[in-house]
Amino acid sequence: MRMSHLFGQTLREAPADAEFKSHQLLVRAGFIRQLGAGIFSYLPLARRSLTKIENIMREEMDAIGGQEMTMPVVHPADIWKETGRWYEVGSEMGRFKDAGGRDMVLAMTHEEVVTDLVRNIIHSYRQLPALIYHIQTKWRDEPRSRGGLIRVREFTMKDSYSLDADWEGLDKQYWAHYQAYFNIFRRCGLDVIAVESDVGMMGGKLAHEFMYLSPIGEDTLVLCDACGYTANRQVAVFRKQAEDADEAPKPLEKVETPGVTTIQALAQFLNIPESKTAKAVFMVATITEGQEDVEKFIFAVVRGDMDLNETKLSNAVKAKALRPAHEEEIRAIGASPGYGSPIGVRREGVIVVVDDLIPASPNLAAGANEDGYHYINTNYGRDYTADIVTDIVAAADGYPCSECGAALRTERGVEVGNIFKLGTRYSAAMNATFLDKDGKQKPVIMGSYGIGSGRLLACVAEEYNDEYGLCWPITVAPYQVHIVALRGGFDAAEQVYADLQAAGVEALYDDRTAPSPGEKFNDAEPHRRSFAHHRGRSFAQAGRRGIEAPHRKGAGLDSA
RNA sequence: CGGGGCGUAGCGCAGGCCGGUAGCGCGCUUGGUUUGGGGCCAAGAGGUCGCCGGUUCGAAUCCGGCCGCCCCGACCA
């Protein structure tokens, strides 16, 4: 490609609103332009890199038996109504009506379409297992897109779907993806770790996320260096140790605690550790009952020194949405903000969820549902009971690992891929069944697996840059070679460019006559091919010594 | 959705309080000069000052509404 005709422009300054390195550099280097919030155009350079990433994904998918296809971006809402997601997913789903007034959906993922195909095509166990995939545009109306290509609303994703007759088959395809994903990220030059994750709106059984560790990540990961346990904080578990578990229950007592509305203040006031207190957290959950959404007040109790994990709580009550309760709602059930207590609150329309550490923890201080008063020596079972007792606490730095007891550590990460064991959630809902060997109709067992190509590109950019600009791994670089022609060397550069093209090497040739050498070099930097070959006067004079091949971080090809 | 900020040339910004000719740097065009890290000189092109309404003789500037974008939080995977 001749740079004189390359569509795109390098910028000296990044747009003021670009926060992350990857965003700044991708814009400055002429890879992307923003059209609207979370909506980008991908210029020729970016397209080339994306194509390379997508071809790597194709190769790895094909290697585990995948067949590429293409499914539509616009779906009739009917199939989403069949699985219930039309009702379950909120404003994140793009919806509109077609000219005939029919409800339509912009694809946010493709389980429904796959399942519709499956019920029309798969009839017999003889057609299974199968693996299909496509690379297609998705729309997710994130309430808050940000960070350039890291978090966008319109994006392209490689998503694959496994179809099996039995659970062993699903397991096999799941772990095949697990390995294939590591291969894909490694070939793109990106180090990732796999963590156990929440199944979220996919509603499956087992899920892993592939995380690029970076401070810009929006997910918190919980890691154990001793045994290798890794999980998204949303689902991370840890070993719970009760404090004074064998202490005998003491009599319940109401004490005056004026102005003491926080756990910290309470512990200080009573001169006890925070671990000897119980914390009440008030939430309101939207729960689907039949076709209807109802709001339920959630009264959650965790030990005072720990934090509520909203994902765990949300899963425990099967909530579609969860938000903090307003003060009026709290008062309405007979509780008092700052002095909340599970003892003596209204129970109708209220779900009391208690962390499983609480029943093992005797004599905790808690609120008295009366401004200015707390109870001491509350004991679960004797003083109050819950509708649900389960783990609803967030793991944190230093907590003991559930596997080995060593101290856990947290890190930030960006989710670049995920794999889900869906099971029969979609096939059962949409009646996608096959006739098995034993002559029985059974729902197809499914898995779904995604990697966002733009986000992956952004993460690679985030990882591979230096003070001059981007320095792509050769597998992702838009061009393998960058030739800069300087005065006195144009003829030689033309020749090299022709030779490289003839040899099938992807070359970007800066044939522009106007810019000064400094400009051309600087223009080459943010583009950052892995090599820059310069042809100039010195080349004409000194022959091969005029060739320079700077080898920087990210370059992955031996010098020719 | 809550809080905050910003919309003036392709990019980065000034002007706004105190209403009266639309400005700077970079980029772009033309000519000259220069040529190994964004050099220099000269001449140009390019703007419904986000949109709608109001106040006023007169609005980029003051007032109201709306839209868009960014950040923090909530949310989501």
Side-chain angles (χ1 to χ4, degrees), chain A residues 8-20 23-24 27-28 30 33-39 88-93 108-109 138 140-148 150-153 155 157 159 195 197-204 207-211 217-220 232-235 283-284 286 310-311 314 319-326 413-420 448 450-452 455 467-469 484-490 510 512-526 532 534-542 545-548 550:
Chain A
Q9 192 190 12
T10 55
L11 300 176
R12 225 167 182 180
E13 291 170 281
D17 50 33
E19 246 213 326
F20 299 151
H23 188 188
Q24 294 167 0
V27 173
R28 276 192 46 199
R33 282 296 168 98
Q34 181 165 340
L35 179 64
I39 306 173
E88 288 163 21
V89 180
S91 56
E92 198 183 345
M93 182 185 285
M108 51 196 305
T109 172
K138 314 279 194 257
R140 291 186 193 174
D141 202 346
E142 301 280 351
R144 191 177 158 204
S145 52
R146 56 189 142 182
I150 299 283
R151 191 178 178 87
V152 292
R153 295 195 293 172
F155 60 100
M157 183 183 235
D159 42 327
V195 303
S197 68
D198 184 43
V199 294
M201 73 169 179
M202 294 299 181
H208 282 88
E209 291 169 334
F210 292 77
M211 292 290 192
E218 290 178 312
D219 289 274
T220 300
N232 192 307
R233 191 172 192 221
Q234 293 181 326
V235 297
M283 309 290 289
V284 173
T286 306
E310 292 187 20
T311 304
S314 180
K320 173 182 167 184
L322 194 66
R323 62 166 173 85
H326 303 133
V414 178
E415 179 192 347
V416 287
N418 55 44
I419 56 178
F420 292 91
S448 103
I451 297 180
R455 184 183 278 187
E467 67 267 41
Y468 301 107
V484 178
L486 301 175
R487 177 151 305 202
F490 273 81
D510 192 347
R512 298 172 302 168
T513 51
S516 69
E519 273 178 86
K520 295 176 95 163
F521 292 143
N522 276 308
D523 249 2
E525 293 298 350
H534 308 145
R535 291 285 180 279
R537 203 174 36 215
S538 59
F539 175 77
Q541 290 164 355
R545 276 180 299 158
I547 300 175
E548 298 170 31

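- Within 3.5 Å, no donor on the side chain of A:R33 pairs with an acceptor on the base of B:rC11, nor the reverse.
- Nucleotide B:rA60 has no partner under the Watson-Crick or G-U criteria, as no pair reaches both atom distances under 3.5 Å.
- Summarising the base pairing, B:rC6 is matched to B:rG68 through a Watson-Crick or G-U wobble pair whose two defining distances lie under 3.5 Å.
- Between B:rC49 and B:rC62, the two P atoms lie 15 Å apart (nearest whole Å).
- B:rC24 atom P lies 17 Å from atom CD of A:E13, rounded to whole Å.
- Distance A:R28 CZ to B:rG10 C1': 16 Å, rounded to the nearest Å.
- With rounding to whole Å, A:Q234 atom CD is found 10 Å from B:rC75 atom P.
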Output one line per pair: protein atom, nucleotide atom from nucleotides 27-32 of chain B, and distance, for all N/O pairs under 3.5 Å.
unit_1	atom_1	unit_2	atom_2	d
B:rG27	O2'	A:Q9	NE2	2.7

Strictly under 4.0 angstrom, non-hydrogen atoms only: write out the protein contact profile of nucleotides 66-71 of chain B, one letter per nucleotide from the 5' end, B, S or -.
---SSS
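- Spacing of P atoms, B:rG53 relative to B:rA59, comes out at 13 Å, to the nearest Å.
- The NZ atom of A:K138 sits 14 Å away from the C1' atom of B:rA77 (whole-angstrom rounding).
- Rounded to a whole angstrom, the distance from the P atom of B:rG12 to that of B:rG27 is 15 Å.
- Comparing the P positions of B:rA22 and B:rU61 gives an interatomic distance of 14 Å, to the nearest angstrom.
- The distance between atom CG of A:L11 and atom P of B:rG10, rounded to the nearest whole Å, is 13 Å.
- Remark: A:E218 engages A:R146, A:R151 in a side-chain contact (heavy atoms from CB on, under 4.5 Å) (not counting sequence neighbours).
- B:rG16 and B:rG23 are spaced 15 Å apart, taking the P atom of each and rounding to whole Å.
- Between the CG atom of A:D510 and the P atom of B:rG37 there is a distance of 15 Å, given to the nearest Å.
- Base pairing annotation: B:rA42 forms a Watson-Crick or G-U wobble pair with B:rU30, both donor-acceptor distances under 3.5 Å.
- Atom CG in A:L322 sits about 11 Å away from atom C1' in B:rC75, given to the nearest Å.
- Spacing of C1' atoms, B:rG46 relative to B:rC26, comes out at 15 Å, to the nearest Å.
- With sequence neighbours left out, the side-chain contact (heavy atoms from CB on, under 4.5 Å) criterion links A:D219 to A:M211, A:L221, A:N232, A:E415.
- In this structure, the side-chain contact (heavy atoms from CB on, under 4.5 Å) partners of A:A14, at least two apart in sequence or on a different chain, are A:Q24, A:R28.
- We find that NZ of A:K520 is positioned 14 Å from P of B:rG39, with the value rounded to whole Å.
- The gap from the C1' atom of B:rA9 to that of B:rG47 amounts to 5 Å, rounded to the nearest Å.
- Taking 4.5 Å as the limit, some side-chain heavy atom of A:F490 sits within range of a side-chain heavy atom of A:T513.
- When each of A:P515 and A:S314 is assigned the nucleotide of RNA chain B with its nearest heavy atom, A:P515 is the one assigned upstream, toward the 5' end.
- Residues A:P15 and A:P517 each lie close to RNA chain B; by heavy-atom proximity, the contact nearer the 5' end of the strand is made by A:P15.
- Checked against side-chain contact (heavy atoms from CB on, under 4.5 Å), A:S145 has the following partners two or more places apart in sequence or in another chain: A:A37, A:R153.
- B:rG25 and B:rC11 make up a base pair, with Watson-Crick or G-U wobble contacts both under 3.5 Å.
- Checking B:rC1 for Watson-Crick or G-U wobble geometry (two distances, each under 3.5 Å) identifies B:rG73 as its partner.
- More than 90° away from 0 lies the glycosidic angle of B:rU34, which makes this nucleotide anti.
- With P as the reference atom, B:rC75 and B:rA14 are 35 Å apart, rounded to whole Å.
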